[in-house]
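To start, the structure itself, in structure tokens.
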There are 4 protein chains.
Amino acid sequence: MSPRRRDSESTAAARAERRAGLLATAAEVFASRGYAATTVREVADAAGILGGSLYYHFDSKESMVDEILSTFLTDMWAAYDRVLGSGLGARETFQELVTESFRMIDRHRPAVVIYQNESKHLAANPRFGYLQESQRRFRETWLAVLDRGVLDGEFRADLDTGLIYRFIRDTVWLAAGWYRGDGPLSAEEIARQYIAMVLEGILST
Amino acid sequence: MSPRRRDSESTAAARAERRAGLLATAAEVFASRGYAATTVREVADAAGILGGSLYYHFDSKESMVDEILSTFLTDMWAAYDRVLGSGLGARETFQELVTESFRMIDRHRPAVVIYQNESKHLAANPRFGYLQESQRRFRETWLAVLDRGVLDGEFRADLDTGLIYRFIRDTVWLAAGWYRGDGPLSAEEIARQYIAMVLEGILST
Amino acid sequence: MSPRRRDSESTAAARAERRAGLLATAAEVFASRGYAATTVREVADAAGILGGSLYYHFDSKESMVDEILSTFLTDMWAAYDRVLGSGLGARETFQELVTESFRMIDRHRPAVVIYQNESKHLAANPRFGYLQESQRRFRETWLAVLDRGVLDGEFRADLDTGLIYRFIRDTVWLAAGWYRGDGPLSAEEIARQYIAMVLEGILST
Amino acid sequence: MSPRRRDSESTAAARAERRAGLLATAAEVFASRGYAATTVREVADAAGILGGSLYYHFDSKESMVDEILSTFLTDMWAAYDRVLGSGLGARETFQELVTESFRMIDRHRPAVVIYQNESKHLAANPRFGYLQESQRRFRETWLAVLDRGVLDGEFRADLDTGLIYRFIRDTVWLAAGWYRGDGPLSAEEIARQYIAMVLEGILST
DNA sequence: CATGAATGAGTGTTCATTCAT
DNA sequence: AATGAATGAACACTCATTCAT
């Protein structure tokens with residue numbers, strides 16, 4: 001490795017690190033104020049620079065959310081695919097997917113909040129076509145798990161799986177709105193309680 | 001009734017009807033595009049008038065959401081209070097509250113969507129202080145039902161009621177995002193399935 | 001006089017009276033809030049009718065000021081012409097013109113205030129060409145009186161009459177800004193004090 | 001002085017200079033068109049930039065007049081206080097205050113015009129409370145000078161000082177409406193003539 | 001005569017974005 | 001990398017004016 005190469009690598013790495021830091025800041029602000037309601041200046045203020053300076057790092061405000069959301073979704077699908085590829089039964093797959101979802105909230109909380117609040121509006125933009133694609137796949141995945149569970153006799157036969165899917169999807173991601181990483185409950189603990197509720201119900205037996 | 005009174009009544013009624021119609025239009029647009037992202041001109045376009053004309057009927061964009069949300073909340077609390085005052089046990093109260101919630105979604109769908117998406121940001125404005133108050137009361141009400149159910153032995157003793165409350169709150173209102181009054185499922189049918197899931201779980205027994 | 005004519009006369013008279021009443025109201029509002037800053041609705045509110053209703057009586061907001069100002073100026077020039085045609089000397093003419101000016105303030109206070117505050121801006125509009133014409137004649141008249149007074153030896157020979165004219169013009173009309181018809185001083189009393197100051201100075205002798 | 005300090009000083013100075021230049025332009029436009037009737041775009045046009053660009057330098061149209069007027073008043077009171085603190089008699093104080101006033105017109109002509117035309121309306125806004133305070137002090141100052149002059153026997157005993165004060169106030173500031181710095185008369189020359197008129201009258205002796 | 005609803009041009013202001021330095 | 005000044009389109013809102021009733 002020549003010093004020259006060393007330099008260009010370290011500057012490229014430094015640049016990537018700066019981008020990531022700025023994106024983390026932006027995600028936090030977008031999540032708390034809402035993407036549309038957040039001004040570029042607010043993001044810049046939070047990062048300690050001037051509004052115009054952000055444009056050295058990013059093409060536009062839109063490209064910031066874009067990167068935030070796609071990073072999160074890539075990570076999420078990697079985790080989901082790991083679960084789906086491990087040959088578990090419906091019930092165990094259910095448990096693992098829920099658990100991974102809460103872990104995602106733990107790791108990407110601002111991104112999940114943005115995803116939950118803004119993806120419906122953003123999806124109208126062709127640039128964010130992958131959001132619709134991801135939602136389609138998400139639905140497909142969950143329905144398959146639920147349907148197989150019914151078929152295998154693990155889940156109740158009278159379930160409207162389309163309906164149950166919607167309830168699950170909504171609750172899982174909305175937890176990002178109130179989850180605090182520093183609170184008393186770990187992501188795994190929350191997942192356990194949630195799984196217990198959905199699998200066994202809240203009635204005493 | 002003199003003709004005079006008749007006239008003033010009918011014009012007052014006509015005015016109220018026009019307001020209500022415009023508010024319904026505004027609610028629809030706010031719900032689908034988001035309050036902040038919706039321009040006054042878009043609302044006016046949807047109503048078939050010009051932007052400025054809305055200001056003959058309303059003071060501001062803000063006063064429109066205000067009226068939309070407070071009308072919904074007033075109606076909702078009337079229904080909730082009817083249930084809470086009828087002396088039912090925890091489990092039946094739970095069922096009735098959930099059912100009423102889905103009926104609200106049926107009757108006030110756009111308002112519920114707005115409430116769900118925007119109330120966090122709007123609540124920062126003193127004018128919308130009633131949103132925080134309503135949320136506080138909502139939480140109090142549901143926690144009381146859940147806690148009593150645990151105490152009475154109707155609900156499982158190991159529930160983290162604070163956590164369950166959050167899950168219920170999220171799912172119930174988020175259903176407004178996908179519910180269609182003209183779809184195959186009535187509000188009562190959706191409520192029944194939801195109640196079954198939460199009370200008994202999705203496992204086969 | 002036929003009853004027919006009587007009717008049309010009385011309605012014409014009633015209409016003229018209504019106009020005059022509305023104009024008096026408008027003048028008051030224009031004077032206190034400023035012409036540009038006053039909305040048509042404010043004038044209508046003060047008159048106890050709705051904004052649009054004013055347009056039954058007047059073509060436009062502009063035509064209201066127009067009528068207010070031209071009525072005042074017509075009255076003023078009639079009084080000035082009476083003085084100028086009575087063959088008085090420079091000093092007595094001076095005294096009489098000042099006295100008439102203060103009487104004008106007494107009778108047309110709101111109009112004078114509007115004239116003072118707005119005529120400079122209105123004069124740019126061709127419709128108000130008579131304002132410039134009136135100002136020209138006003139200057140001519142006063143300069144003639146001052147110059148004759150100097151020539152006749154009644155006024156000091158070292159006066160810059162152009163300068164003195166401006167001072168007089170400004171003070172005389174500006175008095176409309178603070179004069180109250182119901183205050184302790186009559187228009188004639190104020191005129192006397194003003195004349196004494198300008199003619200003899202404020203030094204003790 | 002390090003280059004660093006040099007830089008930050010020169011940019012801060014450049015910024016202040018730009019502000020001052022824009023304010024001078026704004027004052028000119030406000031004075032000639034009237035504050036309310038002037039649009040922000042007109043100010044910007046006069047400055048050779050676009051409407052929105054003004055908001056990089058100023059918070060609002062209001063904050064521009066605010067700065068214009070308060071700068072003028074601060075300067076004026078500094079000059080007045082210098083005169084009042086120099087232990088002169090009533091007559092000489094009178095002469096010096098008048099002279100300083102005309103010098104103010106010379107230096108702050110547009111600001112004086114705005115002050116004269118708009119302060120009555122602006123004073124209704126709490127932000128401009130200092131206008132009322134300044135007017136109160138102005139009146140107090142002049143009345144004290146006139147009253148002392150009467151007491152000391154320098155001014156005529158039969159003066160209604162309240163009335164004379166109003167005349168003086170009006171004329172002095174209204175001169176800003178016609179004074180041209182490049183005209184034939186200097187501020188001091190105008191002051192001399194004005195003082196002569198008020199002190200000794202215009203009658204020949 | 002007056003109302004009530006609407007128009008449409010224009011106002012102050014915001015904000016994502018650009019670019020010379 | 002970042003600044004600071006500017007752009008220009010868009011926004012919420014205002015208001016003189018119109019007109020059917």
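So you know, we letter chains A, B, ... as the sequences are listed, proteins then strands, and number each from 1.
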Donor/acceptor link under 3.5 angstrom from R41(D) side chain onto base of dG12(E):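 Result: at least one qualifying N/O pair found.
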
In whole angstrom, what separates [X]'s [atom1] from [N]'s [atom2]?
X	N	atom1	atom2	value
L54(B)	dC15(F)	CG	C1'	16 Å
K61(B)	dT14(F)	NZ	P	14 Å
I49(C)	dT17(F)	CD1	P	15 Å
R33(D)	dT11(E)	CZ	C1'	15 Å
D45(C)	dA16(F)	CG	P	12 Å
F58(D)	dT13(E)	CZ	P	13 Å
E17(D)	dG4(F)	CD	C1'	16 Å

Flag for Y56(D)-R18(D): side-chain donor and acceptor within less than 3.5 Å: no

Geometric class of the F72(B)/H108(B) ring pair [parallel <30°, tilted 30-60°, perpendicular >60°]: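 Taking F72(B) first and then H108(B), their aromatic rings sit tilted (interplane angle of 30° to 60°).
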
Under 4.0 Å, heavy atoms only, any strand: does [X] hit a base, just the sugar-phosphate, or nothing?
X	answer
T39(A)	sugar-phosphate
L50(B)	base
T38(C)	sugar-phosphate

Donor-acceptor under 3.5 Å (K120(B) side chain, R33(A) main chain):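 Judged by distance alone, no pair lies under 3.5 Å.
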
Below 4.0 angstrom from OP1 or OP2 of [N], is there any side-chain N or O of [X]?
X	N	result
Y56(B)	dA5(E)	yes
H57(D)	dA6(F)	yes
R15(C)	dC1(E)	no
Y55(B)	dT14(F)	no
S53(B)	dT7(E)	yes

Pair partner, dT21(F) [Watson-Crick or wobble, under 3.5 Å]: dA2(E)

Opposite nucleotide pairing with dA16(F), Watson-Crick or G-U, both atom distances under 3.5 Å: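 In the structure as shown, dA16(F) has dT7(E) as its Watson-Crick or wobble partner.
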
Nearest non-hydrogen partners of V43(A) and T25(A), listed with the distance: O-CG2, 4.1 Å

Earlier contact from the 5' end, DNA chain F, for R18(D) and G51(C):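 Result of the comparison: R18(D).
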
Comparing G48(D) and E62(B) on DNA chain F - which has the more 5′ nearest nucleotide: G48(D)

Nearest-nucleotide comparison on DNA chain E, the residue closer to the 5′ end among G52(B) and S60(A):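 Per heavy-atom nearest nucleotide, the more 5' residue is G52(B).
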
Six-ring centre of Y35(A), K61(A) cation under 6.0 angstrom, axis tolerance 45°: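 Yes, a cation-pi geometry holds between K61(A) and Y35(A).
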
R127(C) atom CZ: more than 12 heavy-atom contacts under 6.0 Å: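 More than 12 within 6.0 Å, yes.
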
